[in-house]
Amino acid sequence: MLLFNSLTRAKEPFALPADRPVTLYVCGVTPYDTTHMGHARTYMVFDVLVRYLRGQGAEVRYCQNVTDVDDPLFERAKRDGLGWQELAERQVAQYVEDCRGLNMLPPTYFPRASEEIETMITIIARLIELGHAYVADDNIYFSVRSDPDFGKMARMGYEELLATANQRGNDPSDPRKRDPLDFILWQTGKPDDPTWPSPWGPGRPGWHIECSAMATRYLGDQVDIHGGGADLIFPHHPCEIAQTEPVTGKRPFVHIWMHAGLVWLDGEKMSKSLGNLVFARDALREYGPDPIRWYLLSQHYREEFAYSRETVALCATLTAQLRAASAASGGGALPLDLSRACAEFHAAMADDLNTPTALALLHTMVGDTLAAAAEARDVTAASTTVRDLATLLGFTLGL
Ligand SMILES: [Zn+2]
């Protein structure tokens with residue numbers, strides 16, 4: 001199949017490995033607020049990828065982490081007068097319930113950053129030895145000047161990289177940094193933040209190192225596919241590359257970088273900071289999983305998604321027809337043959353997960369099946385095809 005690699009900005013062939021599982025790492029949630037449709041879209045894209053690869057006969061090892069060592073979690077816990085672990089526990093449980101409600105397959109590994117600190121410390125120590133990181137007071141920074149390829153995925157000049165990093169939490173005025181773009185590997189944090197022991201004193205890891213540690217620990221030095229939301233194209237994913245490759249000595253760290261476009265609502269990015277969120281559990285209560293899935297897959301995963309509540313409601317009609325066609329039976333003559341449309345469906349999926357085309361084809365197959373059933377034609381094979389393809393895309397069909 002072909003998959004678009006954000007690093008090369010080209011569709012590249014991805015062949016299933018013959019002698020080992022496919023490895024997939026997807027950056028997970030920071031558990032401090034309920035799952036919104038931006039999360040739902042990103043994780044649904046990778047859910048469909050996993051289903052598709054398994055449908056091709058591949059074993060897939062899918063690691064999705066929980067970023068439970070992160071400023072927003074600690075800040076929210078303080079604001080609400082809760083322990084950070086208590087808040088994280090509650091929010092992870094909600095997230096898992098939302099994903100299950102959306103009929104997403106559970107990842108093979110679901111590690112929490114707070115339980116993987118040892119691996120992070122090992123990588124940081126090696127980066128210091130190799131001259132890629134330095135200690136300043138009690139903090140440790142990655143030196144971006146030590147990596148001539150730093151930030152390549154973003155295709156920006158230095159000033160633009162810095163401006164983007166600043167928008168996304170970088171502190172350029174930290175006097176301990178050699179370069180304003182250097183990023184934290186280990187920090188003492190604020191006085192009441194949680195800390196873990198380390199060779200450099202008690203502290204906690206930076207966000208980026210968490211994913212390098214969990215990806216390599218669970219999936220190995222090199223990963224087939226690594227994904228996340230498009231806002232991770234810089235700085236998070238380039239930081240992961242910069243930290244990981246010198247330590248493992250293997251390039252590339254990741255063969256295919258996949259990014260799902262962000263979800264917008266009423267002309268603005270759906271985000272916690274703007275407060276314009278549609279929560280997965282509210283949408284699930286209103287529409288159920290299949291209409292949401294149809295809706296989220298109806299646009300290509302790389303495009304930005306303009307969420308509209310009215311359109312989700314329209315998808316309920318389509319998924320009701322899907323359910324009817326997958327259960328259609330009977331008839332004795334003129335069997336309906338969907339093999340050509342079915343082949344086109346698979347070709348669309350193999351072309352960088354073109355779910356809009358796949359859904360359009362499925363919709364036509366559904367219409368043909370229902371029409372043939374109404375004419376008392378034989379739809380036994382056709383309804384099986386519809387059911388198989390719907391299941392491949394992760395529809396529950398009310399089961
Ligand atoms: Zn990550």
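Just follow the structure's listing: the first ligand is 1, and inside any ligand the first atom is 1. These numbers come from the heavy atoms of this one structure, side chains and all, not from hydrogens, waters or symmetry mates.
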So, at under 2.8 Å, which protein N, O or S atoms would a careful student list around the Zn ion (ligand 1)? C27 SG, C211 SG, H236 NE2

For residues 23-32, please give each side-chain donor-acceptor pair under 3.5 Å, one per line with the distance, not counting sequence neighbours.
unit_1	atom_1	unit_2	atom_2	d
T23	OG1	D224	N	3.0
T23	OG1	D224	OD2	3.4
Y25	OH	N65	OD1	3.2
T30	OG1	D70	OD2	3.0

Exercise: do T122 and E118 side chains pair donor with acceptor under 3.5 Å: no

Hey, is the main chain of Y307 close enough, under 3.5 Å, to the side chain of T311 for a donor-acceptor pair? no

Under the salt bridge (Lys or Arg N to Asp or Glu O under 4.0 Å) rule, collect the residues that match up with E160, sequence neighbours excluded. none

Taking distance alone, no hydrogens or angles, what donor-acceptor pairs closer than 3.5 Å link side-chain atoms of residues 198-207 to residues at least two apart or in another chain?
unit_1	atom_1	unit_2	atom_2	d
S198	OG	W186	NE1	3.4
S198	OG	W200	N	3.0
S198	OG	G201	N	3.4
S198	OG	G201	O	2.6
R204	NH2	D71	OD1	2.5
R204	NH2	D193	OD2	3.3

Kindly state whether the ring of H208 and the ring of H237 have centres lying under 6.0 angstrom apart. no

